[in-house]
Amino acid sequence: MVVNETVWSENEQIIAANACYQAHDREVKNLIEEVRIRTGEIEEIEDLWRIHDFLSARRHQIDGKYDNRPSALLFVLAQLIKETLISIEELEGLNKDKLAKITALSKM
């Protein structure tokens, strides 16, 4: 299977979209918790600017991570597994070749 030519059935698109939604939701919840902790540690203006810089960087990372183009989905899903935002079990229903490719990519 050539990655650029990966064809996703409608059901597979739904599975991938749900997994991405779950991962995004988990990542945002983790970020909110981290910000709660960090804001409790603010003592000086520099601490505030550090949080601002941190949030700007995280926003950029998160906005760029969830690419739903079919040509990118294998890589996106593999990265989400690597970051433990989803598990391979949440992708049950995908074609076995896709699952194998995602698993292999997540270990790189």
Side-chain angles (χ1 to χ4, degrees):
M1 169 174 35
V2 177
V3 174
N4 291 347
E5 297 176 11
T6 303
V7 177
W8 295 80
S9 70
E10 185 175 333
N11 187 51
E12 288 178 319
Q13 289 176 29
I14 292 168
I15 292 167
N18 286 339
C20 287
Y21 174 81
Q22 289 297 321
H24 186 270
D25 187 56
R26 291 171 186 148
E27 188 163 17
V28 168
K29 285 179 181 176
N30 291 340
L31 177 60
I32 290 169
E33 184 58 32
E34 187 169 355
V35 170
R36 281 189 180 125
I37 292 167
R38 286 180 181 228
T39 55
E41 298 170 354
I42 296 174
E43 293 182 10
E44 300 176 10
I45 191 71
E46 289 79 20
D47 298 329
L48 189 61
W49 300 142
R50 271 193 285 283
I51 291 173
H52 172 270
D53 294 344
F54 167 75
L55 284 172
S56 293
R58 290 294 293 136
R59 181 177 185 176
H60 179 72
Q61 291 169 343
I62 291 171
D63 287 349
K65 183 185 299 183
Y66 295 91
D67 185 348
N68 65 354
R69 292 175 298 155
S71 61
L73 266 179
L74 291 175
F75 297 104
V76 170
L77 295 171
Q79 185 63 35
L80 296 175
I81 289 172
K82 194 174 198 173
E83 294 177 15
T84 66
L85 291 168
I86 61 170
S87 67
I88 195 72
E89 291 78 21
E90 291 176 275
L91 301 177
E92 186 177 319
L94 295 185
N95 172 292
K96 290 181 194 230
D97 290 339
K98 287 183 184 84
L99 289 173
K101 184 68 115 175
I102 291 166
T103 300
L105 288 168
S106 71
K107 295 179 181 178
M108 297 178 89

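Each residue takes its place number in the sequence, starting with 1.
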Legend entry - Atom of W8, atom of A16 and distance for their closest heavy-atom approach: CZ3-CB, 4.3 Å
Inset, instruction - For residues G93 and N11, report the shortest heavy-atom separation together with the two atoms involved. - result: O-ND2, 4.3 Å
Legend entry - Partner residues of E44 under the salt bridge (Lys or Arg N to Asp or Glu O under 4.0 Å) criterion, sequence neighbours left out: none
Inset, instruction - Return the minimal non-hydrogen interatomic distance between L73 and D67, and the atom names on each side. - result: CD2-O, 4.2 Å
Inset, instruction - Identify the residue among S87, C20, S106 that makes a side chain to side chain contact (heavy atoms under 4.5 Å, CB included) with L80. - result: C20
Inset, instruction - Using salt bridge (Lys or Arg N to Asp or Glu O under 4.0 Å) as the criterion, list what pairs up with D63, not counting sequence neighbours. - result: R59
Legend entry - Separation of R26 CZ from L31 CG (nearest 0.5 Å): 16.0 Å
Inset, instruction - Kindly give the heavy-atom pair with the smallest separation between E90 and I15, and that separation in Å. - result: O-CG2, 3.9 Å
Legend entry - Pairing of R50 and D53 as salt bridge, 4.0 angstrom limit: no
Inset, instruction - Compare all side-chain heavy atoms of T6 with those of K98 and state whether any distance is below 4.5 angstrom. - result: yes
Legend entry - Inter-residue atom distance L94.CG - S9.OG, 0.5 Å rounding: 8.0 Å
Legend entry - Pair D97 + K101: basic N to acidic O under 4.0 Å: no
Inset, instruction - Taking all heavy atoms of L91 and all of A19, pick out the closest pair and write down the distance. - result: CD2-CB, 3.5 Å
Legend entry - Interatomic spacing from CD in E43 to CG in L48 - rounded to 0.5 Å: 13.0 Å
Inset, instruction - For R38 and I51, work out which heavy atoms get closest and say how close. - result: O-CD1, 3.6 Å
Inset, instruction - Find out whether N68 and V76 are in side-chain contact, i.e. whether some heavy atom of one side chain is under 4.5 Å from a heavy atom of the other. - result: no
Inset, instruction - Answer yes or no: are there more than 12 heavy-atom neighbours, outside E46 itself, under 6.0 Å from its atom CD? - result: yes
Legend entry - Single hit among I86, I81, L85 for side chain to side chain contact (heavy atoms under 4.5 Å, CB included) with E83: L85
Inset, instruction - Determine, for E27 against K65, whether the closest basic-nitrogen to carboxylate-oxygen distance falls under 4.0 angstrom. - result: yes
Inset, instruction - Say whether F75 and I62 are linked into one hydrophobic cluster, either directly or through other cluster members, by side-chain heavy-atom distances under 4.5 angstrom. - result: yes
Inset, instruction - Flag yes if more than 12 heavy atoms outside Y21 fall under 6.0 Å of its OH atom; otherwise flag no. - result: no
Inset, instruction - With rounding to the nearest 0.5 Å, note down the distance linking CD1 in I37 to CD in E34. - result: 7.0 Å
